[in-house]
Amino acid sequence: MASDDIERDDRTPQAGGTEPDYRFTLANERTFLAWLRTALGLLAGGVAVHQLVPSPTAVSTVLAGLCVALAGVLAATAYPRWRRVQLAMRAGEPLPPSRMILVLTGGLLTLIVAAAVLLAAS
């Protein structure tokens, strides 16, 4: 298979299409930064649970691990989401759906259940 047959997206978020209204670009950037802030908050929560829970149990270790894992997933997917939205705005296409909202909701629900178990066990 020739390299010309491989379909790649070489577009950059700043090239091609028409320049979107700067307010939409800034809103997209704020959303990206909000995902990163959420990831940092989850990371801090995981570190706090690991360091501050007296006599750590399996539940507290799982809770800390889930916080850190969810933080990693959010941080890893924030930029690709920002890029897809930016490209869609430049091309005048509908905005792509986000599966991360479902992942974040499920992850937070899991964290809440783990925290409730930790509180009940203490």
Side-chain angles (χ1 to χ4, degrees):
M1 183 153 121
S3 63
D4 295 336
D5 296 338
I6 298 173
E7 192 172 321
R8 289 188 347 189
D9 186 1
D10 290 332
R11 298 179 295 170
T12 64
Q14 295 80 21
T18 59
E19 184 70 27
D21 186 327
Y22 72 91
R23 293 172 292 183
F24 300 132
T25 298
L26 292 174
N28 189 29
E29 185 176 320
R30 283 190 303 272
T31 303
F32 165 73
L33 294 172
W35 284 112
L36 291 182
R37 279 192 308 274
T38 303
L40 284 172
L42 285 165
L43 180 62
V47 170
V49 167
H50 182 70
Q51 292 295 317
L52 301 177
V53 170
S55 61
T57 63
V59 176
S60 65
T61 303
V62 167
L63 181 61
L66 286 173
C67 284
V68 171
L70 189 54
V73 169
L74 286 177
T77 58
Y79 176 78
R81 170 70 181 163
W82 171 85
R83 186 178 187 281
R84 284 192 313 274
V85 169
Q86 198 66 25
L87 289 171
M89 287 192 305
R90 291 190 77 81
E93 298 171 354
L95 297 181
S98 177
R99 293 177 298 280
M100 279 314 300
I101 293 173
L102 182 60
V103 170
L104 182 59
T105 302
L108 287 177
L109 182 60
T110 304
L111 289 173
I112 290 167
V113 169
V117 169
L118 182 62
L119 287 174
S122 63

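Using a 4.5 Å cut-off on side-chain heavy atoms (C-beta onward), L42 and V68 make no contact. The closest side-chain heavy-atom distance from M89 to D21 is not below 4.5 Å. Proximity of L40 to L36: side-chain heavy atoms (C-beta onward) are nowhere separated by under 4.5 Å.
Heavy atoms only, all atoms of each residue included: R81 and P96 are closest at NH1-O, 2.6 Å. Of all non-hydrogen atoms in R23 and R30, the two that sit nearest each other are O-NH2, 4.4 Å. When all heavy atoms of L74 and L104 are compared, the closest pair comes out as CD1-CD1, 3.6 Å. Of all non-hydrogen atoms in A39 and A75, the two that sit nearest each other are CB-N, 4.0 Å. Heavy atoms only, all atoms of each residue included: V53 and S60 are closest at CG1-CB, 4.0 Å.
Checked options V62, L66, L63; the residue passing with V49 is L63 (criterion: side-chain contact (heavy atoms from CB on, under 4.5 Å)).
The distance from the CZ atom of R83 to the CG atom of N28 is 12.5 Å, given to the nearest 0.5 Å. The line from CZ of R99 to CD1 of I101 is 11.5 Å long, rounded to the nearest 0.5 Å. Note that the CG atom of L118 and the CG atom of L111 stand 11.5 Å from one another [nearest 0.5 Å]. The line from CG of L87 to CG of L95 is 11.5 Å long, rounded to the nearest 0.5 Å.
Grouping the Ile, Leu, Val, Met, Phe, Trp and Tyr side chains by contacts below 4.5 angstrom, directly or via other members, places V117 apart from I112.
W35 and F32 have their aromatic ring centers separated by at least 6.0 angstrom.
Between the side chain of R84 and the backbone N or O of P97, no donor-acceptor pair lies under 3.5 Å.
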